[in-house]
Peer 1: 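Can you read through this structure? Questions will come right after.
Along the sequence shown, residues are numbered consecutively beginning with 1.
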Amino acid sequence: MDVRVIDHPLAKARLSTMRDARTDNATFRAALQELTLMLLYEAIRDGEVAEEVIHTPVARTTGYRLANPPLLVPVLRAGLGMADQAHRLIPEARMGFIGLSRDERTLRPTPYLESLPDDLSGCPVMVLDPMLATGGSMVYTINLLHQRGATDITAICTLAAPEGIDRLSESGLPVRLVTASVDDRLNESGFIVPGLGDAGDREYGPR
Ligand SMILES: O=P(O)(O)OC[C@H]1O[C@H](OP(=O)(O)OP(=O)(O)O)[C@H](O)[C@@H]1O
Ligand SMILES: O=c1cc[nH]c(=O)[nH]1
Ligand SMILES: [Mg+2]
């Protein structure tokens, strides 16, 4: 599986703000939005462009646009904090929604929302979720997308654990990962170490 780590000073700075336990909910959300911009900007770098003739006030020239805008899929709750920023960057994108909650005991994802187009063949998909921990939530999500015909899927995660990367890779699903950091490990409660805690709680407060 292709794993791209965006090792940029500004990405590191925003991620450090998110990691810091003193950061309040509003500042956390703002840093997540800015980091989303950077991750998506890099993720779309290899996207196909279409050319068209345009006229500047001075001359005729070639204009460019995304040939095949992606479907953006935030995974609620935590991925919702990435959705608006991603849509600002790619306003022509469609958006689907998945809602998952990880069971604290089994660490398995419990689905509560699924709102996706039926046919995703030929459509690039960008899944937005700040955290890739055990990988259970991401594998569940990518499976749903693959069942609808998606074969060009990118997971955009601020942080990833090696365990989650292995699980995603071993799933054999057609996915690549763009992240700002591969952290050390998971702890006994399934939290990423050093991580940033519970991303949903840090954005919106405890459930
Ligand atoms: O890789 P995994 O082990 O599946 O864990 C990652 C999931 O955990 C978090 O969501 P959570 O279940 O806490 O829901 P929330 O966003 O509503 O807080 C996170 O946003 C991922 O979806
Ligand atoms: O560290 C973790 C692991 C899963 N989900 C989170 O929000 N944080
Ligand atoms: Mg959570």
Peer 1: After noting the C-alpha distance and the side-chain angles of Thr23 and Arg202, does the key distance pass the side chain to side chain contact (heavy atoms under 4.5 Å, CB included) rule?
Peer 2: CA-CA 9 Å; Thr23 298; Arg202 303 269 334 252; 3.5 Å; yes
Peer 1: Are Met138 and Leu76 co-members of a hydrophobic cluster defined by side-chain heavy atoms under 4.5 Å apart?
Peer 2: no
Peer 1: As a test of understanding, state which of Met18, Glu203, Gln85 forms a side chain to side chain contact (heavy atoms under 4.5 Å, CB included) with Arg29.
Peer 2: Glu203
Peer 1: Does atom CD of Glu48 have more than 12 heavy-atom neighbours from other groups under 6.0 Å away?
Peer 2: no
Peer 1: Begin from the C-alpha positions of Arg108 and Ser101 and carry the test side-chain hydrogen bond (donor to acceptor under 3.5 Å, both in side chains) through to its verdict.
Peer 2: CA-CA 8 Å; Arg108 292 226 179 92; Ser101 175; over 6 Å; no
Peer 1: In sequence, state the C-alpha distance, the side-chain angles, and the governing distance for Val127 and Thr154, and then conclude on side chain to side chain contact (heavy atoms under 4.5 Å, CB included).
Peer 2: CA-CA 6 Å; Val127 180; Thr154 307; over 6 Å; no
Peer 1: For the residue pair Ile153 and Leu173, establish whether any side-chain heavy-atom pair is separated by less than 4.5 Å.
Peer 2: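 No, every pair of side-chain atoms sits at 4.5 Å or beyond.
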Peer 1: Out of curiosity, does Leu37 fall in the hydrophobic cluster containing Leu39 (side-chain heavy atoms, cut-off under 4.5 Å, transitive links)?
Peer 2: yes
Peer 1: Are Val75 and Leu107 connected into the same hydrophobic cluster when the rule is that any two of I, L, V, M, F, W, Y join if their side-chain heavy atoms are below 4.5 Å apart?
Peer 2: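 No.
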Peer 1: Between Asp183 and Arg19, does any side-chain N to carboxylate O distance fall below 4.0 Å?
Peer 2: yes
Peer 1: Keeping Ser171 on the side-chain end and Leu168 on the backbone end, is there a donor-acceptor pair under 3.5 Å?
Peer 2: yes
Peer 1: Looking at Glu170 and Arg167, does any basic side-chain N land under 4.0 Å from a carboxylate oxygen?
Peer 2: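 No, no charged N to carboxylate O under 4.0 Å.
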Peer 1: May I have all residue pairs that pass salt bridge (charged side-chain N to carboxylate O under 4.0 Å, His left out) and include part of residues 135-163, sequence neighbours excluded?
Peer 2: Glu114-Arg148
Peer 1: Using a strict threshold of under 4.0 Å (side-chain N to carboxylate O), is an ion pair present between Glu34 and Arg14?
Peer 2: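 Salt bridge flag = yes for Glu34 with Arg14.
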Peer 1: Would you mind checking if Arg65 and Glu52 are paired as a salt bridge, meaning a charged N to carboxylate O distance below 4.0 Å?
Peer 2: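 A salt bridge is present here (some side-chain N lies under 4.0 Å from a carboxylate O).
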Peer 1: When hydrophobic residues are tied together by side-chain contacts of less than 4.5 Å, even through go-betweens, does Leu80 share a cluster with Leu196?
Peer 2: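 Yes; Leu196 is reachable from Leu80 via cluster members.
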Peer 1: For the atom pair CG (Leu89) and CE (Met126), what is the distance rounded to the nearest 0.5 Å?
Peer 2: 10.0 Å
Peer 1: Establish whether Met82 and Tyr204 are linked, either directly or via other cluster members, by ILVMFWY side-chain heavy-atom contacts under 4.5 Å.
Peer 2: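 Shared cluster, yes.
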Peer 1: Is the NZ or CZ atom of Arg4 positioned over Tyr41's six-membered ring, under 6.0 angstrom from the centre and within 45° of the axis?
Peer 2: no
Peer 1: Output, in order, the C-alpha distance, side-chain angles, deciding distance and verdict of side chain to side chain contact (heavy atoms under 4.5 Å, CB included) for Ile192 and Leu186.
Peer 2: CA-CA 5 Å; Ile192 300 176; Leu186 295 178; 3.8 Å; yes
